[in-house]
Amino acid sequence: MSIGMAASFNKTLWRSIGDVVGREARGAANANLYHTNALTFWAPNINIARDSRWGRNQETPGEDPHTNSEYAKALVTGMQGDDPEWLQISACAKHFAVHSWNTPSNYMAYPTAQDLADTYFPAFQAAAGAGVSGFMCSYNGVNGLPMCAQH
């Protein structure tokens, strides 16, 4: 689980795990093991673990924005590989943004601008800086719009 990996505070390990995931996925796709050509992985989950009642904390790197940022960079780089022309697989960082506030599932998040900048955005900025292929939008939102459409 991501929370256990992050607890190692070992960036080299995180990158290596990302590389293994990327190589295994590319190999499976090349061998057509799953009868699909899809190489987009909905990972890494880089949400902040904010509330212990949220049922998905174990899927995240934890509650620290700096650790989540370093984890995002390492995993994305490992998953997508080093080739300057071709991706090993396509990483899709999730869930942008403030996804850990969806307790209960219909909860609408109202973070302050400072909380967004200090807590929720750093890991996504780090993933973008590492060249992540895409982002998955958060399920929660304000006034019927998902959080990724808010900012």
Side-chain angles (χ1 to χ4, degrees), residues 1-34 36-51 54-103 109 111-142 145-151:
M1 297 306 290
S2 300
I3 194 85
M5 286 173 33
S8 73
F9 297 99
N10 185 333
K11 294 181 221 176
T12 304
L13 175 66
W14 301 339
R15 183 163 186 334
S16 295
I17 289 171
D19 183 56
V20 168
V21 168
R23 287 178 188 271
E24 291 287 329
R26 173 57 79 165
N30 288 353
N32 199 25
L33 290 178
Y34 303 109
T36 179
N37 293 325
L39 284 170
T40 299
F41 270 49
W42 294 349
N45 180 341
I46 52 177
N47 295 123
I48 293 290
R50 206 65 189 278
D51 184 336
W54 186 46
R56 299 181 74 174
N57 283 328
Q58 75 279 7
E59 298 175 26
T60 75
E63 62 185 343
D64 177 54
H66 177 74
T67 301
N68 283 24
S69 297
E70 294 298 316
Y71 178 88
K73 286 190 288 191
L75 222 55
V76 165
T77 303
M79 290 171 70
Q80 294 189 161
D82 294 324
D83 191 298
E85 189 172 350
W86 302 100
L87 292 175
Q88 186 165 249
I89 63 171
S90 173
C92 179
K94 61 183 190 174
H95 304 90
F96 186 75
V98 198
H99 185 64
S100 56
W101 273 26
N102 72 337
T103 303
T112 65
Q114 181 174 349
D115 206 15
L116 286 169
D118 291 349
T119 307
Y120 292 100
F121 287 167
F124 291 98
Q125 290 169 329
V132 72
S133 294
F135 293 99
M136 181 187 290
C137 192
S138 175
Y139 304 139
N140 60 346
V142 177
L145 290 175
M147 286 303 295
C148 59
Q150 301 287 328
H151 305 283

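The shown structure was predicted, so the numbers you read here are calculated from the model rather than taken from an experiment.
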Practice item. Measure the shortest side-chain to side-chain distance between Met1 and Glu59 over non-hydrogen atoms and say whether it is less than 4.5 angstrom. Key: yes
Point to revise | Test side-chain contact (heavy atoms from CB on, under 4.5 Å) applied to Ser138 and Val98, step by step | key: CA-CA 7 Å; Ser138 175; Val98 198; 5.6 Å; no
Review point. Does the side chain of Asn45 come within less than 4.5 Å of Ser2's, by heavy atoms?
Key: no
Practice item. Might you point out which heavy atoms bring Ile89 and Met79 nearest each other, and give the distance in Å? Key: CG1-O, 3.2 Å
Review point. Could you state the interatomic distance from CZ (Arg50) to CG (Asn57), rounded to the nearest 0.5 Å?
Key: 11.5 Å
Study note, to complete from the structure: Heavy-atom nearest pair, Asn47 first then Pro61, reads O-CD, 3.9 Å
Exercise for review: Hey, can you tell me if Phe96 and Phe124 have their rings parallel, tilted or perpendicular (30° and 60° cut-offs)?
Suggested key: perpendicular
Check your understanding: From Arg15 CZ over to Asp82 CG, what is the distance, rounded to the nearest 0.5 angstrom?
Key -> 4.5 Å
Check your understanding: Do the side chains of Asn68 and Ile48 get nearer than 4.5 Å, heavy atoms only?
Key -> yes
Check your understanding: CD1 of Ile3 to OG1 of Thr60: how many Å apart, nearest 0.5 Å?
Key -> 4.5 Å
Check your understanding: Rounded to the nearest 0.5 Å, how far apart are CG of Asp118 and OG1 of Thr112?
Key -> 8.0 Å
Review point. Got a second to check how far Phe41's CZ is from Cys92's SG, nearest 0.5 Å?
Key: 12.0 Å
Check your understanding: Under the ring-ring contact (aromatic ring centres under 6.0 Å, His included) rule, what pairs show up with a residue in residues 62-93, not counting sequence neighbours?
Key -> Trp14-Tyr71
Study note, to complete from the structure: To the nearest 0.5 Å, atom CH2 of Trp42 lies from atom NE2 of His95 at 9.0 Å
Revision key, fill the gap. Shortest non-hydrogen pair, Leu116 vs Pro122, comes out as O-CD, 4.1 Å
Point to revise | CD/Gln125: more than 12 non-hydrogen atoms of other groups inside 6.0 Å | key: yes
Exercise for review: Using atom types as modelled and distance alone, determine if a side-chain donor or acceptor of Gln80 lies under 3.5 Å from a backbone N or O of Gly131.
Suggested key: yes
Review point. Between Ser8 and Leu13, which heavy-atom pair has the shortest distance, and what is it?
Key: OG-CD2, 3.7 Å
**Study point:** Non-hydrogen atoms of Ala126 and Ser69 that approach each other most closely
**Key:** CB-O, 3.5 Å
Review point. Mind checking what makes side-chain contact (heavy atoms from CB on, under 4.5 Å) contact with Gln88, not counting sequence neighbours?
Key: Asp19, Arg23, Arg26
Review point. Looking only at heavy atoms, what is the nearest atom pair of Ala72 and Ala123, with distance?
Key: CB-O, 3.7 Å
